[in-house]
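Report on one structure; see the data block that follows.
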Amino acid sequence: MSCCYGWRNVNGVCQPICKEPCENGFCVGPDRCSCMKGYKGKNCNEDVNECGLPIRPCSHSCMNTMGSYRCFCNHGYTLDTDGKSCIKKLNCSSLRCQFGCQIERDGEMGCLCPPGLYLAPDNRTCKDINECDGLSHTCTECQSCRNTFGSFICVCKDGYVLGTLQDAVTCRDQDECLTGNHRCSHQASCVNTEGSYTCRCDEGYTGDGFRCWKRSNRLSWAAMYFQYKRSKQMRPV
């Protein structure tokens with residue numbers, strides 16, 4: 001089955017081609033990206049400043065982060081469980097908590113950290129949890145984990161691009177031979193592989209595929225000597 005210009009056949013299904021990868025989205029048409037939430041731009045490489053939108057997501061203070069945002073509350077208030085609303089703070093000002101406090105099971109009050117952060121040894125400030133150091137992230141084998149403040153994002157490894165595979169948005173193999181993102185010689189053929197590619201010199205040429213030169217028809221001294229010895233052995237007595 002042949003596909004229209006700007007599309008390619010992938011296992012019998014016409015898939016769109018984006019010459020420049022959609023960094024935080026997926027290709028939905030020829031050179032047209034659909035961005036994930038929190039990103040914008042032609043190639044989905046621009047952050048959306050949620051804190052600058054007409055309808056702000058936080059009831060008090062807002063801090064923009066790459067692909068997302070964080071909410072903070074004014075003095076005397078603490079962040080609610082939805083991570084956006086601010087409620088009247090408990091009378092725990094003496095604890096000098098960085099974000100807020102809560103009543104523990106034993107009835108004592110302690111400092112509270114938002115999701116993605118943990119309480120520092122001083123029991124007052126909060127530090128970022130690096131989800132990429134452990135198994136708490138959901139990145140696949142073809143993705144790399146990139147830690148952010150209070151969260152993480154998954155980015156495609158070299159040789160992979162973000163796209164659709166079996167009706168799911170994921171990182172799929174980038175066909176460098178189709179897009180032209182390879183370093184094969186002009187006298188070589190590009191062969192796509194999972195996450196990479198190989199180069200094979202054309203017939204009549206030799207080399208590693210990245211550099212190919214015309215094969216000489218002249219026999220080497222070793223080959224000529226071998227043929228001479230062979231002819232002597234086969235000569236009748």
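By convention here, the first residue in the shown sequence is residue 1. Worth knowing before you read on, the calculation uses all heavy atoms, side chains too, and leaves out hydrogens, waters and symmetry mates.
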Task: F149 reachable from Y69 in the ILVMFWY side-chain graph, under 4.5 Å edges - done: no

Open item on the list: Just checking D122: does its CG atom have more than 12 heavy atoms from other residues, nucleotides or ligands closer to it than 6.0 angstrom?
Closed with: yes

Task: Sub-4.5 Å side-chain heavy-atom contact between F99 and R70 - done: no

Task: Backbone of G195 reached by a side-chain donor or acceptor of D173 within 3.5 Å - done: yes

Task: Thiol sulfurs of C126 and C111 closer than 2.5 Å - done: no

TODO: Identify, with sequence neighbours excluded, every residue that meets ring pair (Phe, Tyr, Trp, His ring centres under 6.0 Å) alongside Y205.
DONE: none

- [ ] Look at the SG atom of C33 and the SG atom of C44, then say if they are under 2.5 Å from each other.
- [x] no

Task: Any L178 side-chain heavy atom under 4.5 Å of N192 side chain - done: no

- [ ] Quick one: closest heavy-atom pair of D82 and S85, and the distance?
- [x] OD2-OG, 2.7 Å

Task: Name of the residue among T65, N24, N64 meeting side-chain hydrogen bond (donor to acceptor under 3.5 Å, both in side chains) with D47 - done: N64

Open item on the list: I'd like to know if the two cysteines, C14 and C3, have SG atoms within less than 2.5 Å.
Closed with: yes

TODO: Please answer whether the main-chain N or O of T198 pairs with a side-chain N or O of T193 as donor and acceptor at a distance below 3.5 Å.
DONE: no

- [ ] Indicate the atoms forming the closest heavy-atom contact of R211 with C201, along with that distance.
- [x] O-SG, 4.2 Å

Open item on the list: Looking only at the side chains, is there a donor atom on one of D202 and S189 sitting less than 3.5 Å from an acceptor on the other?
Closed with: yes

Open item on the list: Regarding C27 and C22, I want to know if their SG-SG distance comes in below 2.5 Å, which is how I'm defining a disulfide.
Closed with: no

Open item on the list: Less than 2.5 angstrom apart at the SG atoms, yes or no, for C171 and C142?
Closed with: no

Task: Heavy-atom side-chain contact between D128 and Y118 under 4.5 Å - done: no

Open item on the list: Ignoring hydrogens, what is the shortest heavy-atom contact between E131 and C145? Give both atom names and the distance.
Closed with: C-SG, 4.5 Å

- [ ] Determine, step by step, whether H60 and F72 satisfy the ring pair (Phe, Tyr, Trp, His ring centres under 6.0 Å) criterion, reporting the C-alpha distance in whole Å, the side-chain angles of both residues, the deciding distance to 0.1 Å, and the verdict.
- [x] CA-CA 6 Å; H60 284 185; F72 303 95; over 10 Å; no

Task: Any donor-acceptor pair under 3.5 Å from N43 side chain to N45 backbone - done: no

TODO: Would you kindly say whether the two SG atoms, from C86 and from C58, are closer than 2.5 Å?
DONE: no

